[in-house]
Every structure is written in structure tokens, then in C-alpha cells.
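What you see is a predicted model; the values in this text were computed from it and never measured. All ligand and atom numbering here is 1-based and tracks the order in the structure.
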Amino acid sequence: MLKGIAASQGIAIAKVYKLEPPVLNVVKKESNPEEEIGKLDVALAKTVADIERIKEVASKNLGEEELAIFDAHLMMANDPEFKDQIVAMIQEEKVNADYAADVVATNMVNMFESMEDEYFKARAADVRDVTYRLNCNLAGVEIPNLSTLSEPVVIVAKDLTPSDTGSLNKEFAKGFVTEIGGRTSHSAIMARSLEIPAVVGTKGILEAAKSGDEIILDALAGEVLLNPTAEEKAMYEKKAEEFQKEKDALKALKDEPSVSLDGHRVELVGNIGSVEDVAGVLENGGEGVGLFRTEFLYMQSEEDFPDEETQFEAYKAVLEGMQGKKVVIRTLDIGGDKKLKYYQFAEEMNPFLGVRAVRFCLMRKDIFRTQLRALLRASAFGKLAIMFPMIATMNEFREAKQVYNEEREKLIQEGVKVGDDVEVGIMIEIPAAAVLADRLAKEVDFFSIGTNDLVQYSMAADRMSENVSYLYQPLNPSVLRLIKMAIDGAHASGKWCGMCGEMAGDELAAPVLLGLGLDEFSMSATSILGARKIINNLNYAEMQKLASEALEQDTMEEVVALVEKALQK
Ligand code: PEP
Ligand code: MG
């Protein structure tokens, strides 16, 4: 048995399909430039066509956020500068096209990899993927195409590229195992959105498995078994059946309310990044949207900030798609690790502590006003709540609310219809705001706790850094006390308090958050039903006691032990 990292839950039993991309042998050859440029033109055109075809297949399974990667690939394959550099080298050095493409791409990869910024680092993988496809087309060799699978298989590969995962057909691709990668690697994220079982980082699998072997993929335990005995197979078939039953039982909770055994009601809602994600929230029984991260609209835009009309259409589509259920839309949270192609942020030593989110919007009120107008116009089409991210002080909220009021007045003057019950709230993701929650609550309509940032700022531990991940402790009593301040602060003024950071969907955190009185839990769509099952089996009064006890512990480990004991009951 081989051990890996369970990246996307489920169990699959099938034949191995080993994905072995052709190995290219690119060598420098003296060549006729005209002929080589001709070949390059043909191969580039085929590369573009290939990517377009893959994107087309992928669009059936993936949301806009995941599809953006193919747009990045298309942009590169169509980039005149990329082509010009290759052509120049062919002409100047009279070398073969694949060699020139390789050299140009390697320079680009090196440049991207040397950059500090994670966004640009990730671009290196895109350059490699596109260049590999181009060179295969130049060499006339076919890249195995996973969309043509015609029998049920488990794919075994070193790693899957975005093109590979985009081509997966769920009917035949029953799961995949990779040799490298971790829980947040690209292929792992894709597996979760496709809802197919995956085990990644399985050292030794490439050597051990060959196409046609029988394989058991246990992506609950992160284990892989090759050529199992009849007994082993029967055991895993049973485990798979039980898992499926559990999943079906969860589906039965789709239209149920989220309510504790003793009748305490909460709301379980979804986090989304695009209009396309609405369907998943509804399918998984989401009672609304608790966070629409609008920055994706801005990050996908190529040339400039998205205009009012584009934004209006997107917000309206989400509100209408949610059929009258509440939708919390967050105003632009850009800066930090999130960059824009068309706007250069000032260099800062600590971008996460610099000009991001509402700080940026208050400096660039023109951009802020456009978004608020689009939001207000859309508010006539559903139940909208707006929240400002990264509020640190009362004055920031007042200033943002003032701009909101001005735009609202202007639209009314213009005779434009706007909703009359739009709630305006803030995210609590800076410790200062949590500590001042009782005061802030007097002026806002609601809070939504952003634990991804709240934890990073309270522990002073970069949320992107593996080296300090041991400090990233949502269940540390110190963080729980901040959360309690936010919830109690809201309630003292009769306001509601939600949470939209990852912690809201964490099964271990649910009992404590319920006990602390959290009103709304916003999480990725696929976590909603599991969370409902847990909450509907808990007793609110008992969880209130548990939460009080948790606040009095010294360490995160002690809190975890308390919760585990409560969940066992
Ligand atoms: C958060 O910080 O918890 C949050 C939801 O915002 P983001 O992850 O987009 O920073
Ligand atoms: Mg945040």
C-alpha cells in the first residue's frame, strides 16, 4: 500500500490509466529560417486550437474561476511578443523552431520563477504547459488527451496539468493519483471542484503502477492499493458503498433547515467567486450567499477596471440566480497577494499590511463609486447586503458608508430604482475591529468574520507561509475570544454576525461557533451539507457550555480535545 495526501474525498476502484506524456528531445540544429517560421506558424495555430478545444470541454465541468487558467494559456499562445522573440532567434541564429521556442520559454520561466510574487511564480507553470504543447505540435507528437477516455479508469501521473484536469470526463475518470503535489496544488483544487476522488503526493506510485493494473484509490484515508486481493477489494467496495450512502443521506438534508436539536436556528450559506458558482450553492442546499468575492471580476478583466455595466450585469445575475435569498457582496478586496494586470500597486515591504481592500477603495474613490453604483442598481433585483473588507477603524467605515450614501442619493435623483432594504456591513478580519466590535455594531447592519485574515493578523503569521503554519490556529483560545467579541458586540446592538473565512466550514470549529452564537456560516458550497448534518445533531445549550469552556483553555490542542469529546457524544 502507498500513502499519499487525500486531496478530494471518495473511493474509486478501477483499472490504472498511466498518463505518460511524450518525452521531447529538443536539440539545436542548423535550419532554414523560412521553413522553421512556417512550421512555427502552423504549430502555434494548432496550439491555440488545442487549448480552445480543451477549454470548451472544461467549461462543462468548471466554473469561471478555474477556466481563467485557459484564458491565460490562450493569451500566451496568441502573444505576438512570444512569437516575435522565437522568430527573431530563428532568423538570427538559423536554428530550429522547437529549440528557439524552448530557449525563449526557459528564459521566461526563469524570469517568472525569480519573482517574489506568488501570482507571477504561478505563471511559470503556464509558460511551461503552453511551450510543451507547442513543442509537441512542432515535433508532430500527440499529447495524450484525457477527454477521449472510453472506459472507467483511475489516472496515475506525476502531476496533472491544468489542460489535463480540464479535459477530464467524470464518466470515465473515476479518480486520480499523482506522485507529487499537496492539498493546495492546482490539481487538488480542481479535483475538489470536479468532485472526483484524488490522492496527491503519492511517492513511488509511478514506479509501482502500470496501465491495466487494478487499483483501489481510498481518498478518504489517502491510501492507494495496487492489484488487491479479492478480500481487500470486497472490503473497499463496502467502504465505498458506505461513503456513497453517507453522501446520499447528506443530499436528503438539502431542503432541511439548519437547526440544532433544541431548536436554535442558524443559516448555512455559500462563498462564491463568480456567477457560475451560484448553481453549486443551490444544489448543495445553501440558504444564501455569505460572501461574493468580487475581486475575480477585476482580476479577469484584461485592460482596465471593469465598467459599471459589466459589474451590474454580474451582480444582477447572482441576485436573480439566488431567487430572492440573501446575497452578501463584498466590495473590492484587491492588493495583498491579489494583483491586477492593468494596475501597478506601489511596492511595499508587507503587502498584507499595506494598501489593500477598503484602504485602496478609499484612496481610489472613483473606482469605489463605480462598484457601489453597480451594486445599488443591482439591488433592485434581489436581496442584497454589501460589506466592506479590512475595516480597521470606525472612521473607515463612516467614510465608506458616506460614499455609499452619496451614490445612493445620486441614483435616486437620476430616477434609477434601488432596493430599499440593502444592508451595509463590514468584515471583521483585523483584531482592532474585533476589539471595537461593540462600538462598530451601533453603526453597521451586520458583521462577517473573515478568519483567514483574522487568524493571520492576530497570530502575526503569514497565511501563505508554510514555515509558520504551526501558528495558524483558528481554534486558539485567543482567536476564539476575538470571535466572541465580534458576535457579542453585534448581538448587543441587535445585529447579526456571520463568518465567511475557511473556519466557518471546518467541522471541528462548528460546535464552538454554534455555542458562541454565530448566526450565519458561509463556506464553500460542497461543505454546506456536511456542516448541516453536524449542526442538526448538536444541542445548542450544551455547545454554549462547550464554548465557554473553550474560551478558558490555554492552548489550541486543549480546545481541539474538548471539541472532539463533544463530537463523539
Ligand atoms: C477572510 O479573510 O477570512 C476572507 C474571507 O477573505 P479572503 O480570504 O478573501 O481574504
Ligand atoms: Mg480577508
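The six-membered or imidazole ring of Phe360 lies near that of Phe345, with a centre-to-centre distance under 6.0 Å.
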Output, or 'none' if empty, a list of ligand 1-protein atom pairs in which both atoms are N or O and the distance is under 3.5 Å, rounded to 0.1 Å.
unit_1   : atom_1 : unit_2 : atom_2 : d
ligand 1 : 2 (O)  : Glu429 : OE1    : 3.0
ligand 1 : 2 (O)  : Asp453 : N      : 3.0
ligand 1 : 2 (O)  : Asp453 : OD2    : 3.0
ligand 1 : 3 (O)  : Gly450 : O      : 3.4
ligand 1 : 3 (O)  : Thr451 : N      : 3.1
ligand 1 : 3 (O)  : Asn452 : N      : 2.7
ligand 1 : 3 (O)  : Asn452 : ND2    : 3.4
ligand 1 : 6 (O)  : Arg330 : NH1    : 3.0
ligand 1 : 8 (O)  : Arg293 : NH2    : 2.9
ligand 1 : 8 (O)  : Asn452 : ND2    : 2.9
ligand 1 : 8 (O)  : Arg463 : NH2    : 2.8
ligand 1 : 9 (O)  : Arg293 : NE     : 2.8
ligand 1 : 9 (O)  : Arg293 : NH2    : 3.4
ligand 1 : 9 (O)  : Arg330 : NH1    : 3.2
ligand 1 : 9 (O)  : Arg330 : NH2    : 2.8
ligand 1 : 9 (O)  : Lys338 : NZ     : 3.4
ligand 1 : 10 (O) : Asp453 : OD2    : 3.0
ligand 1 : 10 (O) : Arg463 : NH1    : 3.0

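In terms of modelled atom types and a separation under 3.5 Å, the side chain of Thr451 and the main chain of Leu454 share no donor-acceptor contact.
Phe305 and Tyr298 have perpendicular rings, their planes meeting at more than 60° on a 0 to 90° scale where under 30° would count as parallel.
Between Glu406 and Gln402, the side chains place a donor N or O and an acceptor N or O closer than 3.5 Å (distance only, hydrogens not considered).
In Lys338, the NZ atom is crowded: over 12 heavy atoms of neighbouring residues, nucleotides or ligands sit closer than 6.0 Å.
The two residues Leu384 and Leu375 have their closest heavy-atom pair at CD2-O, 3.4 Å.
Rounding to the nearest 10°, we obtain 90° for the angle at the Mg ion (ligand 2) between Glu429 OE1 and Asp453 OD2.
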